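First up is the structure itself, then whatever we jot down about it.
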Amino acid sequence: MTLVLGIGLRSGTSYRELRDLVDAVLAGLEPQEVSQVVTVNGRESEPGLQRLAASLGAPLFTATKLELSQQPVPTPSERPGTTNVAEAAVLLSGAELVVPKRKSARATVAVGRFPHEPLTAAPGYAVGERDVVHRVLAERRDVRRGFLDRPIADDVLTRVLESAHRAPSVGLSQPWDFVLVRDLATRRKVHDLAVAQRDAFAASLPADRRSAFDGLKIEAILDTPLNIAVTCDPGRGGRHVLGRHADPRTTWFSAAIAIQNLWLAARAEGLGVGWVSFFEPGEVGAVLDLPAHVELVGYLCVGHVEEFAAAPELVRSGWAARRPLSWAVHQEGWGQRGLPGEQPSPVIVDDAAAAAGVVRAAGAQVVRLVVVEATDAAHLERAEALVVQVGGERPEADFGVLWRPARTIDEAVELGVEVARDLVLQGVGTIHLEVVSDSAVAAGLARGVRLGALACGAVTDEPGQVTHSSA
Ligand SMILES: Cc1cc2nc3c(=O)[nH]c(=O)nc-3n(C[C@H](O)[C@H](O)[C@H](O)COP(=O)(O)O)c2cc1C
């Protein structure tokens with residue numbers, strides 16, 4: 001916690017007088033840092049006040065008379081028409097008043113304490129400016145609808161690309177390039193590729209999920225005046241790119257971050273961006289004539305929009321739900337879940353119970369979860385089946401298999417809870433549980449699935465019996 005000093009003073013008040021007054025007031029408090037001094041507009045040039053702020057190491061801020069007069073001060077000035085600057089300045093800064101106005105001959109001081117927030121968020125950034133950054137992050141959306149028939153001005157686009165191009169990159173390798181695609185014939189070719197992939201994805205879905213997918217729009221390639229293909233040259237920078245040697249994936253991470261920068265900058269310019277990944281990347285590369293060493297990372301549809309939805313389209317349509325932050329934050333090592341300042345929950349079962357009500361299964365999707373020791377191709381042939389492999393080696397990449405190699409039964413329970421919760425977030429309301437393996441670990445994982453599903457209001461049933469219901 002830090003303190004704020006609100007100070008009112010007559011012109012010519014000496015440093016000594018101010019210092020004595022402030023010292024007397026602070027003497028009654030626990031020693032704490034003064035993070036700012038606030039006064040009324042015009043008094044910031046007073047040498048005594050400037051010296052005081054400098055001696056405290058605190059920046060000096062000002063507020064207008066009008067702003068100050070609007071503060072509900074506890075000790076209004078005795079003289080009508082004059083403002084209690086000291087208290088008003090504290091309140092205006094957002095601090096809680098801890099010492100009401102004290103007077104010397106020519107000055108007044110009041111002290112406030114910031115429970116959380118000072119006027120500045122970081123050197124050079126006012127709190128309001130910080131909040132705008134967080135707002136842009138929260139209000140960025142993947143946009144597929146509502147594009148306006150309005151061209152994008154070159155200066156706007158250049159600003160957006162400059163922000164993208166400022167992204168961090170491993171070893172400053174800057175592996176991205178931006179291919180701006182406006183030509184309708186080119187966009188049609190890319191659109192045809194997306195339609196084909198859409199059909200292929202739809203065909204892979206079980207019937208209930210498919211009908212939900214049919215109502216979703218997944219691209220705006222022809223609805224936007226501009227498409228941007230963001231590419232990655234994995235070899236850029238040569239042999240000794242700093243930081244890439246141990247983890248080559250960092251090159252692609254860098255390109256993805258450039259896309260995020262672009263996305264955020266576009267949001268601030270009123271430009272909607274929709275990322276389309278319904279492609280085999282090489283096919284788009286062929287349409288855009290990318291050299292063989294350059295890879296497609298993201299294909300973006302960009303255009304002006306009137307408004308940005310408050311929540312992701314996949315959330316509004318009920319396709320998927322956002323994952324609570326508390327599920328994603330682990331303290332010191334995997335499994336100690338909890339937000340900063342909270343006692344982490346070491347046992348996911350407790351955590352699962354605590355999560356009840358945070359996420360409620362709203363989806364109608366039914367999934368058949370087959371818990372096996374090692375993958376068996378027979379299970380993979382069923383489109384509605386999701387195989388959870390609790391042992392063995394990492395299976396070949398296949399989204400039909402979740403590899404959850406639990407080392408202990410407790411860990412198996414934890415992983416089971418996570419499996420259930422993640423499925424609920426993807427619209428699953430019912431889990432048919434089939435435990436093929438008879439190992440204790442498989443049983444633990446199945447137990448976790450039941451607990452996780454129960455906490456989120458999903459139904460689990462096992463051949464012949466319904467074990468839990470959301471009712
Ligand atoms: C790598 C990546 C690929 C994506 N591909 C598609 C896509 O092909 N079609 C689509 O409609 N949305 C796509 N999205 C957008 C996501 O659906 C969207 O980001 C997510 O639902 C969250 O919504 P929000 O971006 O509005 O917060 C993609 C997003 C990312 C990051």
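Numbering of ligands and ligand atoms starts at 1, following listing order. Position 1 is the first residue of the sequence; numbering continues from there. Note that the coordinates shown come from a computational prediction; the quantities given were computed from them, not determined experimentally.
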For the residue pair Arg188 and Leu222, what are the closest heavy atoms and their distance?
N-CD2, 3.9 Å
Fit a plane to each ring of Trp319 and Phe213, take the angle between them on a 0 to 90° scale, and name the class: parallel (under 30°), tilted (30 to 60°) or perpendicular (over 60°).
tilted
For the CG atom on Asp438, are there more than 12 heavy atoms of other groups (residues, nucleotides or ligands in this structure) within a distance under 6.0 Å?
no
Would you say Ser254's side chain and Val170's backbone share a donor-acceptor pair under 3.5 angstrom?
yes
Would you find a donor on one side and an acceptor on the other, under 3.5 Å apart, between the side chain of Glu411 and the backbone of Arg407?
yes
The atoms of ligand 1 lying under 4.0 Å from a heavy atom of Arg144, numbered in the order shown, are 10 (C), 11 (O), 12 (N)
Pick from Trp319, Trp263, Phe279: the one approaching atom 29 (C) of ligand 1 most closely through a non-hydrogen atom
Trp263
In this structure, atom 27 (O) of ligand 1 is nearest to the protein heavy atom Arg141 NH2, 2.8 Å
Please work out whether any backbone atom (N, CA, C, O) or any side-chain heavy atom from C-beta onward of Glu313 is under 4.0 Å from ligand 1, and answer side chain, backbone, both or neither.
neither
Closer than 4.0 angstrom: is that true for some heavy atom of Arg140 and an atom of ligand 1?
yes
Does Glu96 reach the main-chain N or O of Phe114 with its side chain, forming a donor-acceptor pair under 3.5 Å?
no
Is a side-chain N or O of Glu283 found less than 3.5 angstrom from the main chain of Glu280, in a donor-acceptor match?
no
closest protein heavy atom to atom 19 (O) of ligand 1 is Asp142 CB, 3.9 Å
Could you tell me whether some N/O pair between Glu219 and ligand 1 is separated by less than 3.5 angstrom?
no
If we count only non-hydrogen protein atoms and require a distance under 4.0 Å, does atom 1 (C) of ligand 1 qualify as touching the protein?
yes
Name the closest protein heavy atom to atom 14 (N) of ligand 1, giving the residue it belongs to and the distance to 0.1 Å.
Trp275 O, 3.6 Å
Main-chain N/O of Leu423 paired to Gln426 side chain as donor or acceptor, under 3.5 Å:
no
For ligand 1, which atoms sit closer than 4.0 Å to a heavy atom of Val276?
7 (C), 8 (O)
With a heavy-atom distance limit of 4.0 Å, tell me whether Leu314 approaches ligand 1 through its side chain, its backbone, both, or neither.
side chain
Starting from atom 9 (N) of ligand 1, which protein heavy atom do you reach first, and at what distance in Å?
Ile218 O, 2.9 Å
Give the residue, atom name and distance (to 0.1 Å) of the protein heavy atom nearest atom 5 (N) of ligand 1.
Ser277 OG, 2.8 Å
Closest non-hydrogen atom pair between Ala220 and Phe147, with its separation
CB-CE1, 3.5 Å
Which residue and heavy atom of the protein sit nearest atom 23 (O) of ligand 1, plus the separation
Pro312 CB, 3.1 Å
